[in-house]
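Working notes, structure below.
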Amino acid sequence: MRFHLCGRFLMIVVTGATGSIGRALVTRLGGHEVLAAVRRPAGDLGSPYAPADLAEPETIGALLSPGDRLFLNSSLWPGVVDAHRAVIDLAAKAGVAQIVTVSVRDAAPGGRLGLGMHGLIDAHLTESGVPWAALRPSGFMQNLPGDFEGGTMYGSYGSGRISYIDARDIADVAATLLTSPVGPGRAYVLTGPEALSPDEIAAEIGRVLGRSARYVDLPVPELAGRLERQGMPRELALDLAELQAQTGDGSWAPVTTEVRDVTGRPPRTLADFLADHAAAFS
């Protein structure tokens, strides 16, 4: 299916195309008119691309035309809120048909780290006048390897369960929304099919890898110190450790049916993810 307006095939412009969600999304959009906005040449994406940088919002705006659809996603950095707001304004000015953005579960202005940043961006998006969809996932399975050192997973989650989601499922939801009739603006809370405690996650990883794996829960100050020794700025390390303790209180445990409702199939389990990504834990 291709969108068409006034003799022009409409484009799906994808930012963050070289990330774990973006790469999967570009693959799923095969057969549609797609343009990846990238900072560096990315011939391995398998789609047309153009140089652009969210830190310079006008470079994204220059790629947009009336009726296009925009996938807005990036990592977090100090200027991300202003950059995303500017891109949203440029998209509205260009007359795009829809913006699909990746947010985070419980996003709200004033929240810690990404929760607060995404909360501000989401609020601006809802007021932009552009049809929108905000994808609000729980923790990414793709981030789990970064929590491991050797066979040990460190964190400050306590025993709280989190309904981690595979980034490929987020891409599946985004692809469906970007290639379907535009519906009313709404947020989608995306989760995997199960909520697991850190101990259960470590045990499953050990089972798949065939070796011992364990979870060590650290008090917030200890985890912050560990992250700081790894090179993270002190204030950010403390915020991240406190965020782990916050999300480990069970608030990210409830599982939703949004992935199945949108795509028609269930989300991937942790076992599914590990079967495809075992090497990341080596």
Any link between Leu227 and Phe140 through a network of hydrophobic side chains (Ile, Leu, Val, Met, Phe, Trp, Tyr) touching at under 4.5 Å? no
Separation of Thr126 OG1 from Arg186 CZ (nearest 0.5 Å): 15.0 Å
Working to the nearest 0.5 Å, report the span between CD of Glu242 and CG of Leu223. 10.5 Å
Counting C-beta onward and ignoring hydrogens, is there a side-chain heavy-atom pair between Thr152 and Tyr215 closer than 4.5 Å? no
Those residues that, when tested against Ala175, pass side-chain contact (heavy atoms from CB on, under 4.5 Å) (two or more places apart): Leu25, Arg28, Leu29
Applying the 4.5 Å side-chain criterion to the ILVMFWY set and letting contacts propagate, would Val104 and Ile21 be lumped into a single cluster? no
Can you list, pair by pair, the side-chain donor-acceptor contacts under 3.5 Å of residues 269-277, counting residues two or more places apart and other chains?
{"residue": "Thr269", "atom": "OG1", "partner": "Ala271", "partner atom": "N", "Å": "3.4"}
{"residue": "Thr269", "atom": "OG1", "partner": "Asp272", "partner atom": "N", "Å": "3.0"}
{"residue": "Thr269", "atom": "OG1", "partner": "Asp272", "partner atom": "OD1", "Å": "3.4"}
{"residue": "Thr269", "atom": "OG1", "partner": "Asp272", "partner atom": "OD2", "Å": "3.1"}
{"residue": "Asp272", "atom": "OD2", "partner": "Thr269", "partner atom": "N", "Å": "2.9"}
{"residue": "Asp276", "atom": "OD2", "partner": "Arg168", "partner atom": "NH1", "Å": "2.9"}
{"residue": "Asp276", "atom": "OD2", "partner": "Arg168", "partner atom": "NH2", "Å": "3.2"}
{"residue": "His277", "atom": "ND1", "partner": "Phe273", "partner atom": "O", "Å": "3.0"}

Using atom types as modelled and distance alone, determine if a side-chain donor or acceptor of Thr256 lies under 3.5 Å from a backbone N or O of Val189. yes
Heavy atoms, side chains only, cut-off 4.5 Å: are Val100 and Leu135 in contact? yes
According to the salt bridge (charged side-chain N to carboxylate O under 4.0 Å, His left out) rule, which pairs have a member within residues 222-240, sequence neighbours left out? Arg112-Asp239, Glu149-Arg226, Glu228-Arg234
side-chain contact (heavy atoms from CB on, under 4.5 Å) evaluation trace for Tyr164 with Leu196: CA-CA 8 Å; Tyr164 283 93; Leu196 301 172; 5.9 Å; no
Side-chain donor-acceptor pair present, Ser74, His84, cut-off under 3.5 Å: yes
Do the side chains of Ile170 and Trp252 join up, straight or via other hydrophobic residues, at under 4.5 Å, putting them in one cluster? no
Less than 4.5 Å apart, side chain to side chain, heavy atoms only: is that true for Arg105 and Ser163? yes
Taking it one step at a time, do His118 and Leu76 satisfy side-chain contact (heavy atoms from CB on, under 4.5 Å)? CA-CA 9 Å; His118 282 299; Leu76 299 178; 3.7 Å; yes
Are more than 12 heavy atoms from other residues, nucleotides or ligands located less than 6.0 Å from atom CZ of Arg211? yes
For residues 54-64, dump all side-chain donor-acceptor pairs below 3.5 Å to protein atoms at least two apart in sequence or in another chain.
{"residue": "Thr59", "atom": "OG1", "partner": "Asp53", "partner atom": "N", "Å": "2.9"}
{"residue": "Thr59", "atom": "OG1", "partner": "Asp53", "partner atom": "O", "Å": "3.1"}
{"residue": "Thr59", "atom": "OG1", "partner": "Glu56", "partner atom": "O", "Å": "2.7"}

Taking NZ, NE, NH1 and NH2 as the nitrogens, is one of them in Arg265 or Asp169 under 4.0 Å from a carboxylate oxygen of the other? yes
Ala241 and Ser156: which non-hydrogen atoms are nearest, and at how many Å? O-CB, 3.9 Å
Go through the steps for Asp82 and Arg85 under the test side-chain contact (heavy atoms from CB on, under 4.5 Å), then give the verdict. CA-CA 5 Å; Asp82 288 340; Arg85 283 170 165 171; 3.9 Å; yes
Working to the nearest 0.5 angstrom, can you tell me the gap between Asp172 CG and Arg260 CZ? 13.5 Å
Quick one: pull up CG in Asp261 and CG in Leu190 and give me the separation to the nearest 0.5 Å. 10.5 Å
Side-chain donor-acceptor pair present, Arg161, Ser197, cut-off under 3.5 Å: no
With clusters built from Ile, Leu, Val, Met, Phe, Trp and Tyr whose side-chain heavy atoms come within less than 4.5 Å, directly or transitively, what are the remaining members of the cluster of Tyr49, listed by chain and number? Val38, Leu45
Shared hydrophobic cluster for Leu72 and Met11 (ILVMFWY, side-chain gaps under 4.5 Å): yes
Given a cutoff of under 4.5 Å between side-chain heavy atoms of I, L, V, M, F, W and Y, with clusters grown through shared members, what are the other residues clustered with Val182? none
According to side-chain contact (heavy atoms from CB on, under 4.5 Å), who are the partners of Asp147, at least two apart in sequence or on a separate chain? Leu144, Met153, Tyr157
Does the side chain of Val262 reach to within under 4.5 Å of the side chain of Tyr188, using non-hydrogen atoms? yes
Nearest 0.5 Å, what's the CD1-CG distance between Ile12 and Leu35? 11.0 Å
Do the non-hydrogen side-chain atoms of Ile88 and Thr101 ever get within less than 4.5 Å of each other? no
Are Ile165 and Val259 packed together at the side-chain level, in the sense that at least one heavy-atom pair is separated by less than 4.5 angstrom? yes
Which pairs pass salt bridge (charged side-chain N to carboxylate O under 4.0 Å, His left out) with one or both residues in residues 89-100, sequence neighbours excluded? none
With heavy-atom distances below 4.5 Å as the criterion, would you say the side chains of Arg207 and Ile205 are in contact? no
For Ser251, the side-chain contact (heavy atoms from CB on, under 4.5 Å) test, sequence neighbours excluded, returns Asp106, Asp249
Would Glu258 and Thr191 count as a side-chain contact (heavy atoms from CB on, under 4.5 Å) if you check the C-alpha gap in whole Å, the side-chain angles of each, and the deciding distance to 0.1 Å? CA-CA 8 Å; Glu258 299 277 36; Thr191 74; over 6 Å; no
Distance-minimising heavy-atom pair for Ala107 and Gly119: CB-N, 3.8 Å
Test: side-chain hydrogen bond (donor to acceptor under 3.5 Å, both in side chains). Region: residues 10-26. Which pairs qualify, not counting sequence neighbours? Arg23-Asp44
Report the distance from atom CG of Leu178 to atom CD1 of Ile99, rounding to the nearest 0.5 Å. 11.0 Å
Quick one: closest heavy-atom pair of Ser47 and Ala36, and the distance? OG-CB, 4.0 Å
Can you run down the salt bridge (charged side-chain N to carboxylate O under 4.0 Å, His left out) pairs that involve residues 116-126, sequence neighbours left out, and say none if there aren't any? Asp122-Arg136
Could you tell me which non-hydrogen atom of Ala171 sits nearest to which non-hydrogen atom of Ala24, and how far apart they are? CB-CB, 3.6 Å
Under the 6.0 Å and 45° cation-pi test, does Arg69 pair with Phe71? no
Who else is in the cluster with Leu238 when I, L, V, M, F, W and Y are joined by side-chain contacts under 4.5 Å? Val220
Pro109 versus Leu120, closest heavy-atom pair with distance: CB-CD2, 3.7 Å
Can Val81 be reached from Leu115 by stepping across I, L, V, M, F, W or Y side chains whose heavy atoms are under 4.5 Å apart? no
For the student: nearest non-hydrogen atoms of Pro267 and Gly192, plus distance: CG-C, 3.8 Å
